[in-house]
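Beneath this line is the structure, given in structure tokens, with notes to follow.
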2 protein chains.
Amino acid sequence: MKGRDVVLGTLLKRPMSGYDIKLVFEDVFSYFFDGSFGMIYPTLRQLEKEELISKEVVIQEGKPNKNVYSITEKGREEFNKYLEEDVQKEVLCSDFLMRMYFSDYVEKKKLIEWIEAEIMEKKKSVKQLQEKQLVWAKGITMSQKICLDVGISSYVAQIQTLEEKLLQLKQE
Amino acid sequence: MKGRDVVLGTLLKRPMSGYDIKLVFEDVFSYFFDGSFGMIYPTLRQLEKEELISKEVVIQEGKPNKNVYSITEKGREEFNKYLEEDVQKEVLCSDFLMRMYFSDYVEKKKLIEWIEAEIMEKKKSVKQLQEKQLVWAKGITMSQKICLDVGISSYVAQIQTLEEKLLQLKQE
DNA sequence: GCTGACATGTAAGCAGTTACATGATTAT
DNA sequence: ATAATCATGTAACTGCTTACATGTCAGC
């Protein structure tokens with residue numbers, strides 16, 4: 001899965017500008033994918049050059065003009081190629097877990113701070129995903145709900161484990 | 001957290017070669033960090049140049065020579081600087097969840113295949129982490145146990161959610 | 001008057017990955 | 001014989017991030 005695949009897939013739903021795509025990335029994918037403007041705009045250029053998407057300039061009142069991109073038939077084929085590929089292994093990069101591994105070298109106070117901060121972060125994430133569950137309640141597909149539910153259950157489990165550990169640490 | 005921080009931290013435990021470091025990466029960090037030889041060797045060179053580590057060539061019998069690196073006092077200071085930094089946000093990149101999001105565009109059969117494969121992968125991961133729990137049982141620190149337990153609980157929760165979803169899908 | 005949302009883009013750089021190259025020894 | 005383990009390295013590439021640059025309009 002590359003940035004271009006996700007951009008292409010996002011345009012399947014409806015024509016969008018780069019700005020719109022960024023909003024979708026933040027709203028929908030943020031917990032398992034990152035995409036910055038610095039990736040989106042050059043990718044849109046490239047995809048247009050390859051005729052996988054087509055551009056239409058939309059003049060707006062009270063707002064700047066928009067470059068609205070639509071996926072072409074060739075683009076749909078390209079996206080299907082992505083769907084045919086093997087599913088890539090999940091990649092997790094966690095500075096928090098790395099610190100846990102190295103926490104022999106820090107004071108207990110700091111270790112506890114790190115864990116408390118992580119619990120707060122994870123709780124915030126759960127809350128955000130639960131809000132999405134409500135907001136999207138209608139018009140969400142079964143498999144999109146899977147994304148949310150997997151995320152929530154994973155975070156909830158992590159929070160529980162961390163809270164147990166914290167208690168143990170404080171009792172020592 | 002960059003590759004160099006992890007390499008430096010790994011050398012705190014004992015002097016090691018690039019090859020040894022790779023083994024530790026695979027054994028210990030594999031589920032929340034990736035590090036290839038192509039990263040490790042150039043990093044060791046650079047760290048040596050900066051005098052954060054020192055090299056000793058160890059001649060072995062029946063095996064190729066080793067470049068064994070030890071962390072220096074300057075290196076320890078550099079690693080402590082890393083520990084002082086803010087903990088970076090966790091980054092997850094999941095092709096599986098992306099496919100879930102886009103699975104409106106695929107047949108149910110394929111969706112089920114993807115989910116079944118993901119459940120198998122996650123079960124394999126849980127098994128591996130549980131084996132480590134046993135193998136390391138002694139000599140593991142509290143916080144290193146946190147790494148394992150967070151990983152296991154997170155995977156177990158994901159497997160449960162996915163199995164529920166699979167059942168629902170098959171009943172539809 | 002200033003912050004924030006809306007909107008697009010580029011250029012330099014980075015932190016790696018991938019693929020290649022080499023070669024001894026050990027186990028099957 | 002041949003695959004796996006041990007061992008080190010480079011060079012080209014990639015896919016993105018960061019920082020910069022520019023500008024309008026709405027709301028407080």
Side-chain angles (χ1 to χ4, degrees), chain A residues 1-8 11 15-27 29-30 32-50 53 55-69 82 85-86 88-93 95 98, chain B residues 1-8 10-11 15-27 29-30 32-50 53 55-69 82 85 88-93 95 98:
Chain A
M1 171 191 55
K2 286 167 205 154
R4 71 192 328 259
D5 299 318
V6 185
V7 168
L8 223 41
L11 291 176
M16 279 186 236
S17 67
Y19 195 84
D20 294 334
I21 290 172
K22 183 65 164 51
L23 292 182
V24 172
F25 280 11
E26 270 161 18
D27 187 36
F29 304 137
S30 57
F32 58 88
F33 179 76
D34 278 306
S36 62
F37 282 125
M39 170 279 233
I40 293 168
Y41 287 118
T43 299
L44 286 170
R45 285 220 142 189
Q46 183 57 29
L47 290 174
E48 198 200 355
K49 207 174 126 195
E50 293 177 38
I53 60 177
K55 183 166 81 175
E56 196 196 344
V57 180
V58 174
I59 287 123
Q60 301 185 113
E61 279 165 44
K63 285 182 191 177
N65 292 350
K66 264 189 178 190
N67 298 333
V68 175
Y69 295 91
Y82 155 65
E85 284 169 23
D86 286 344
Q88 270 171 52
K89 217 184 149 280
E90 169 183 292
V91 177
L92 174 64
C93 188
D95 194 16
M98 195 57 85
Chain B
M1 174 193 52
K2 286 167 203 154
R4 70 194 326 263
D5 299 317
V6 186
V7 169
L8 223 41
T10 304
L11 291 177
M16 277 186 240
S17 67
Y19 195 83
D20 295 334
I21 290 171
K22 182 66 163 48
L23 291 183
V24 173
F25 280 12
E26 270 162 17
D27 188 37
F29 304 138
S30 57
F32 58 88
F33 180 76
D34 279 307
S36 60
F37 282 125
M39 171 278 231
I40 293 168
Y41 288 116
T43 299
L44 286 170
R45 286 218 141 191
Q46 182 56 30
L47 291 173
E48 197 200 354
K49 205 173 127 196
E50 292 179 38
I53 61 178
K55 182 167 83 178
E56 197 197 342
V57 179
V58 174
I59 288 123
Q60 301 185 112
E61 279 166 43
K63 286 182 189 176
N65 292 349
K66 264 188 177 189
N67 298 332
V68 175
Y69 295 91
Y82 156 65
E85 284 170 21
Q88 269 171 53
K89 217 183 149 283
E90 169 183 289
V91 176
L92 175 64
C93 188
D95 193 16
M98 195 57 85

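All values derive from a computational prediction rather than experimental measurement. Within every chain, numbering begins at 1; the chains are lettered A, B, ... in the order of the sequence lines, protein sequences first and strands thereafter.
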Measure [atom1]/[X] against [atom2]/[N] and give the value in whole Å, please.
X	N	atom1	atom2	result
B/I40	D/dA7	CD1	P	13 Å
A/I59	D/dG23	CD1	C1'	17 Å
A/F29	D/dC16	CZ	P	14 Å
A/L47	D/dG15	CG	P	13 Å
A/Q46	D/dT14	CD	P	11 Å
A/K2	D/dT14	NZ	C1'	9 Å
B/E56	D/dT8	CD	C1'	17 Å
B/K22	C/dT18	NZ	C1'	13 Å

SB check A/K89 B/D95 (cutoff 4.0 Å): no

Rounded distance [0.5 Å steps], CD1 in B/I21 versus CZ in B/F29: 10.0 Å

Pairwise distance CD(B/E85) to CE(B/M1) - rounded to 0.5 angstrom: 10.5 Å

Residues in side-chain hydrogen bond (donor to acceptor under 3.5 Å, both in side chains) contact with B/T10, at least two apart in sequence or another chain: none

Candidates B/L23, B/V7, B/V24, B/I53 - the one meeting side-chain contact (heavy atoms from CB on, under 4.5 Å) with B/M16: B/V24

Salt bridge (Lys or Arg N to Asp or Glu O under 4.0 Å) against A/E26, all qualifying residues, sequence neighbours excluded: A/K22

Identify each atom pair where a protein N or O and an N or O of nucleotides 17-22 of chain D are less than 3.5 Å apart, giving names and distance.
from, atom 1, to, atom 2, distance (Å)
D/dT17, OP2, A/S36, OG, 2.7

Counterpart residues, side chain to side chain contact (heavy atoms under 4.5 Å, CB included), relative to B/D34 (two or more places apart): A/V91

Contacts of type side chain to side chain contact (heavy atoms under 4.5 Å, CB included), residue B/K2, not counting sequence neighbours: B/R4, B/D5

Those residues that, when tested against A/F33, pass ring pair (Phe, Tyr, Trp, His ring centres under 6.0 Å) (two or more places apart): A/F25

Contacts of A/F37 that satisfy ring pair (Phe, Tyr, Trp, His ring centres under 6.0 Å) - sequence neighbours left out: A/Y19, A/Y41

May I have the list of side-chain donor-acceptor pairs in residues 42-49 of chain B shorter than 3.5 Å, sequence neighbours left out?
from, atom 1, to, atom 2, distance (Å)
B/T43, OG1, B/M39, O, 2.6
B/Q46, NE2, B/E50, OE2, 2.7

Under-4.0 Å side-chain N/O to phosphate OP1/OP2 contact, A/R45 with C/dT8: no

What protein N or O atoms touch nucleotides 4-7 of chain C N or O atoms at under 3.5 angstrom, if any, and at what distances?
from, atom 1, to, atom 2, distance (Å)
C/dC6, OP2, A/Y19, OH, 3.4
C/dA7, OP1, A/Q60, OE1, 3.2
C/dA7, OP1, A/Q60, NE2, 2.6

Axis deviation across the helix from C/dG1-D/dC28 to C/dT28-D/dA1, five-pair ends, to the nearest 10°: 40°

